[in-house]
S.K.: 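One structure coming up, written as structure tokens, with questions to follow.
Note: hydrogens, waters and symmetry copies are ignored here, and every other heavy atom, side chains too, is used.
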Amino acid sequence: MSDCGCDKAKKDLEEYLRHEVCTTEAADIREHLANCPECQNEALIAQTLTEAVQRACKETAPEDLKNQVLASLRATQATHESA
């Protein structure tokens, strides 16, 4: 088993929460989290933020807002292209 201290657990936490680490690393991080209250707290905060972002990404903007943003982006792009 590799050494999974706080530095490594914190460094790989986001990837771990998105299930983007290998099985061995996930097991090491899971074991570290089970035994480290500080990292458990950080993981809980990160998980809460990850879930909030995922929920927000599923929501869609009103059509009027999308059109305003696109118009603003096009105007900005046209200004920079003509400069």
S.K.: Nearest 0.5 Å, what's the CZ-CG distance between R74 and L70?
M.R.: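 That separation rounds to 5.0 Å.
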S.K.: Is there a side-chain contact between K8 and E25 in this structure, where contact means two heavy atoms from C-beta onward sitting under 4.5 Å apart?
M.R.: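 K8 reaches E25 side chain to side chain.
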S.K.: Any carboxylate oxygen within less than 4.0 angstrom of a Lys/Arg side-chain nitrogen, looking at K11 and D7?
M.R.: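 Looking at K11 and D7, the cut-off is not met.
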S.K.: Can you give me the closest heavy-atom contact between H32 and A9, atom names plus distance?
M.R.: CD2-CB, 3.5 Å
S.K.: Would you call K10 and E38 a salt bridge, taking side-chain N to carboxylate O under 4.0 Å as the test?
M.R.: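 Counted as a salt bridge, because a side-chain N and a carboxylate O are separated by less than 4.0 Å.
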S.K.: Compile the donor-acceptor pairs under 3.5 Å between side chains in residues 39-49 and protein atoms, sequence neighbours left out, one pair per line.
M.R.:
unit_1, atom_1, unit_2, atom_2, d
Q40, NE2, L33, O, 2.6
Q40, NE2, A34, O, 3.3
Q47, NE2, E51, OE2, 2.8
T48, OG1, L44, O, 2.8

S.K.: So, for D12 and I29, which heavy atoms are closest and what is the spacing to 0.1 Å?
M.R.: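 Shortest heavy-atom contact: CB-CD1, 3.7 Å.
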S.K.: For the CD atom on E20, are there more than 12 heavy atoms of other groups (residues, nucleotides or ligands in this structure) within a distance under 6.0 Å?
M.R.: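 Above 12, so yes.
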